[in-house]
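Take a look at the structure set out below.
Everything numeric here is computed off the predicted structure, so don't read it as measured data.
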Amino acid sequence: MPEEVLIVVDMQRDFMPGGALPVPEGDKIIPKCNEYIRKFREKGALIVATRDWHPENHISFKEQGGPWPRHCVQNTPGAEFVVDLPEDAVIISKATEPDKEAYSGFEGTNLAEILREKRVKRVYICGVATEYCVKATALDALKYGFEVYLLSDAVKGINPDDESKALEELKKAGVKIL
């Protein structure tokens with residue numbers, strides 16, 4: 001069993017152009033993410049997809065005093081994945097409780113346990129948005145003791161300056177940018 005996992009972060013309809021909380025040109029990385037999914041799959045690696053899976057009244061929504069418009073509400077078209085995930089992909093739902101925010105795929109989930117159980121050593125990350133959920137997931141993966149690689153041709157940020165700062169922060173923390 002390979003010691004690697006590909007974590008596809010939040011590649012959901014609401015984060016694509018035309019969605020409720022779009023990442024500019026987020027759709028441009030869909031083919032790259034699909035290519036990585038295929039390559040990792042061929043090597044027998046575990047594929048994990050994280051998703052925002054918010055209840056209707058989530059704390060992050062503007063109506064609840066949060067910073068974001070309603071997005072990725074459970075069982076809505078906006079929460080659907082836009083990449084080709086294999087049937088056996090592990091789906092990690094985050095920010096599922098009304099009063100808890102979660103940017104990282106590890107926050108409030110059993111992702112670390114799953115990866116340890118599968119004897120994963122190296123984590124590869126792609127998806128959106130670089131300066132939010134991608135960064136938080138990568139930093140948490142480091143915190144849990146994994147070697148972390150960011151697939152820079154398969155991530156997109158919201159703001160180029162913030163994305164550059166996030167990449168610099170990740171590099172300083174020990175994430176290898178590929």
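- The same ILVMFWY cluster, assembled from side-chain heavy atoms under 4.5 Å apart, contains both Leu139 and Val5.
- To the nearest 0.5 angstrom, Glu25 atom CD is 12.0 Å from Ile30 atom CD1.
- Hydrophobic side-chain contacts under 4.5 Å tie Val73 into a cluster, directly or through other members, with Phe61.
- Residues Cys33 and Ala154 share a closest heavy-atom pair of SG-O, 3.8 Å.
- By the rule that hydrophobic residues join a cluster once side-chain heavy atoms approach within less than 4.5 Å of another member, Val8 and Val120 end up as members of separate clusters.
- Sorted pairs that involve residues 157-178 and meet ring-ring contact (aromatic ring centres under 6.0 Å, His included), not counting sequence neighbours, are lacking altogether.
- By the ring pair (Phe, Tyr, Trp, His ring centres under 6.0 Å) test, Phe40 is found to be paired with Tyr124, residues two or more places apart in sequence or in another chain being considered.
- Using a 4.5 Å heavy-atom threshold, the side chains of Ile92 and Ile7 count as separate.
- Using modelled atom types, no side-chain atom of His58 and backbone atom of Asp99 make a donor-acceptor pair closer than 3.5 Å.
- Hydrophobic clustering (ILVMFWY, side-chain heavy atoms < 4.5 Å, transitive): Leu150 and Ile37 are in distinct clusters.
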side-chain contact (heavy atoms from CB on, under 4.5 Å) between Met11 and Ile29, worked out: CA-CA 9 Å; Met11 289 298 290; Ile29 64 166; 3.8 Å; yes

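- When all heavy atoms of Phe146 and Ala112 are compared, the closest pair comes out as CZ-O, 4.3 Å.
- Judged as a salt bridge (charged side-chain N to carboxylate O under 4.0 Å, His left out), the pairs with a partner in residues 11-20 (not counting sequence neighbours) are, in order, Arg13-Glu80.
- For Lys143, the salt bridge (Lys or Arg N to Asp or Glu O under 4.0 Å) partners at least two apart in sequence or on another chain are Asp140.
- Remark: Ser152 engages Ile177 in a side-chain contact (heavy atoms from CB on, under 4.5 Å) (not counting sequence neighbours).
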Candidate pair Val175 and Tyr149, rule side-chain contact (heavy atoms from CB on, under 4.5 Å), full reasoning: CA-CA 6 Å; Val175 172; Tyr149 299 86; over 6 Å; no

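- Note that CD of Glu117 is 9.0 Å distant from CG of Asn110, once rounded to the nearest 0.5 Å.
- For residues 101-115, no pair satisfies salt bridge (charged side-chain N to carboxylate O under 4.0 Å, His left out), with sequence neighbours left out.
- A salt bridge links Lys32 with Glu35: the distance from a Lys NZ or Arg NE/NH1/NH2 to an Asp or Glu carboxylate oxygen falls below 4.0 Å.
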Please list every donor-acceptor pair under 3.5 Å in which a side-chain atom of residues 82-91 meets a protein atom from a residue at least two apart or in another chain.
residue, atom, partner, partner atom, Å
Asp84, OD2, Asn34, ND2, 3.4
Asp88, OD1, Arg41, NH1, 3.3
Asp88, OD1, Arg41, NH2, 3.4
Asp88, OD2, Arg41, NH1, 3.2
Asp88, OD2, Arg41, NH2, 3.4

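- Residues Tyr36 and Asp153 have side chains in contact (heavy-atom distance under 4.5 Å, counting atoms from C-beta outward).
- Taking all atoms of both residues into account, the shortest heavy-atom contact from Ala95 to Pro55 is O-CD, 3.6 Å.
- No side-chain heavy atom of Leu142 sits less than 4.5 Å from a side-chain heavy atom of Val123.
- Here the straight-line distance linking atom CG of Leu6 with atom SG of Cys126 works out to 4.5 Å at 0.5 Å rounding.
- Rounding to the nearest 0.5 Å places CH2 of Trp53 at 6.0 Å from CD of Gln74.
- Atom CG of Asp52 sits about 7.5 Å away from atom OG1 of Thr50, to the nearest 0.5 Å.
- Of all non-hydrogen atoms in Pro22 and Pro17, the two that sit nearest each other are CB-CA, 3.9 Å.
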Can you give each donor-acceptor pair under 3.5 Å made by side-chain atoms of residues 62-70, sequence neighbours left out, with the distance rounded to 0.1 Å?
residue, atom, partner, partner atom, Å
Trp68, NE1, Tyr103, OH, 3.0
Arg70, NH1, Glu56, O, 3.0
Arg70, NH1, Glu56, OE1, 3.2
Arg70, NH2, Glu56, OE1, 3.0

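- Remark: Tyr144 engages Phe106 in a ring pair (Phe, Tyr, Trp, His ring centres under 6.0 Å) (not counting sequence neighbours).
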N/O donor-acceptor pairs under 3.5 Å from side chains in residues 127-137, not counting sequence neighbours:
residue, atom, partner, partner atom, Å
Thr130, OG1, Lys156, N, 3.4
Thr130, OG1, Lys156, O, 3.1
Thr130, OG1, Gly157, N, 3.3
Thr130, OG1, Glu163, OE2, 2.7
Glu131, OE1, Ile158, N, 3.1
Glu131, OE2, Ile158, N, 3.0
Glu131, OE2, Asn159, N, 2.9
Lys135, NZ, Glu169, OE1, 3.0
Thr137, OG1, Gly105, N, 3.0
Thr137, OG1, Cys133, O, 2.8

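- Atom CZ of Arg38 is separated from atom CD1 of Ile47 by 11.5 Å, given to the nearest 0.5 angstrom.
- Between Ser60 and His71 the shortest heavy-atom distance is OG-CE1, 3.9 Å.
- The side-chain contact (heavy atoms from CB on, under 4.5 Å) test applied to Lys121 returns Glu3, not counting sequence neighbours.
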